[in-house]
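Here the structure comes first, spelled out in structure tokens, and everything after it is commentary.
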2 protein chains.
Amino acid sequence: MTTRWLDDTELATWVRLAAVLELLPGVLDSQLRRDSELTHFEYYVLAMLSEAPKHTLRMTSLAQQTNATLPRLSHVVRRLEDRGLVERFPCPEDARATNARLTAKGWEKVRETAPGHVATVRQHVIDALTPEQITQLSAIAESILSTLDPDGNLTALYHRYDTTPRPDR
Amino acid sequence: MTTRWLDDTELATWVRLAAVLELLPGVLDSQLRRDSELTHFEYYVLAMLSEAPKHTLRMTSLAQQTNATLPRLSHVVRRLEDRGLVERFPCPEDARATNARLTAKGWEKVRETAPGHVATVRQHVIDALTPEQITQLSAIAESILSTLDPDGNLTALYHRYDTTPRPDR
DNA sequence: TGGTGATGGTTGTAGCAACAACTATTCAAC
DNA sequence: GTTGAATAGTTGTTGCTACAACCATCACCA
């Protein structure tokens, strides 16, 4: 089994993408920590809840949407609960399950945090690209995701906004 | 100061890119841990050394190229040293500085690790895209990096492979 | 020469994430 | 109904990263 190495163009692309992968999460995280005392993951958890019906989700589905293991989510939600941003209660339909719900304070937190986060995304991604490039990047990311996230767990939320939804499976 | 929210296309693009940001590092890390018992960061440190003259770099410049803080790099290099993959010695020109150098065993490790890593990159990124998309992504990533890494620290290595180098500044 | 600030690096401590072990509930089969 | 397997979640341990404190050396200059 001989290795197919990357040619010049492929290597250049990969090195640049790897650099984005390395730097962008840190920038997003810093802004949120600094301005809202939230990690990027915590913000994402709150954001998912804020988009859910009744601001409520089962722990399991929340874990799927955020690409977290259940143990990790459990710890994070407990900390958010300690801060009064989220509350947990047993699921009525399934006594094994636990629901997480955004509190009023948590909802408030999301609303005051979102503008700064969006501004950061704009500054470092959207506004750095031309409209054409944004369209191109959308297709590129979708292709990459076809192997990474074939069921679309992480983009489930977005599909409600999608004007050209995927065919049903 | 009113917020400029993302329109549908922008949001779709961002959600997908965010998903890639979330998933891809984990996939790369898993493959390296499983097949070579290295974290992605450790592999990157070894790779940078393997590309350097005499397989040697100052800790400070190694930290820059890998986007690490000096304390973090210090810990990681110590562990790599314990495993016999790297050795440290005082810099002759500056008694404050420390040089890190790849050992023969470390060089061997890089050579046997690279094929699997490249295969993973191919599988999840390069081979998922058309040649046109690869070119597009290269330009897109470069635009994004212009605000994230204006000095090109993380892509310094690559510039030697670049067939169309940037204009001097 | 001998202070002062800046640079280069290491070590100790605290917090977060991955993994494993455990409890409790549900579902299916007999 | 009772046993066994699968599901849902929590809690404890280990390892890595960020942050802070610290030491040594260099460069500058009075």
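Naming: A, B, ... by sequence-line order, numbering from 1 per chain.
Residue B:Thr98 is classed as a sugar-phosphate contact, given heavy-atom separations below 4.0 Å to backbone atoms only.
The minimum heavy-atom distance linking B:Lys105 with B:Gly84 is given by the pair CB-O, 3.7 Å. Listed here is the closest heavy atom pair of A:His117 and A:Leu32: ND1-CD1, 4.0 Å.
Distance, B:Tyr44 OH to D:dC16 P: 21 Å, rounded to whole Å. The interatomic distance linking A:Gln64 (CD) with D:dA8 (C1') rounds to 12 Å, in whole Å. To the nearest angstrom, P of C:dT10 lies 11 Å from CG of B:Leu62. Atom CG of A:Leu73 is separated from atom P of D:dA8 by 14 Å (rounded to the nearest Å). The distance between atom CG of A:Asp29 and atom C1' of D:dA18, rounded to the nearest whole Å, is 11 Å.
Out of D:dT17, C:dA17, D:dA8, the shortest distance to the side chain of A:Val76 is found at C:dA17. Checking C:dA18, D:dT17, C:dC16 against the side-chain heavy atoms of A:Arg79 singles out C:dC16 as nearest. The side chain of B:Arg96 lies closest to D:dA24, out of C:dA18, D:dA8, D:dA24. Picking from D:dG9, C:dG8, D:dC26 the nucleotide with the shortest atom distance to the side chain of B:Ala95 gives D:dC26. The A:Pro71 side chain lies nearest to D:dT10 when the options are C:dT10, D:dC16, D:dT10.
Projected onto DNA chain C by closest heavy-atom contact, B:Asn99 and A:Phe41 fall at different nucleotides, the more 5' of which corresponds to B:Asn99.
Between the side chain of B:His75 and the base of D:dG15 there is no donor-acceptor pair of N/O atoms closer than 3.5 Å. The base of D:dT17 is not paired with the side chain of B:Arg72 by any donor and acceptor separated by under 3.5 Å.
Legend: residues meeting side chain to side chain donor-acceptor pair (under 3.5 Å) with B:Arg96, ordered by chain and number and at least two apart, are B:Asp94.
Under the 3.5 Å distance criterion, the side-chain polar atoms of B:Ser50 are matched with a main-chain donor or acceptor of B:Ala47.
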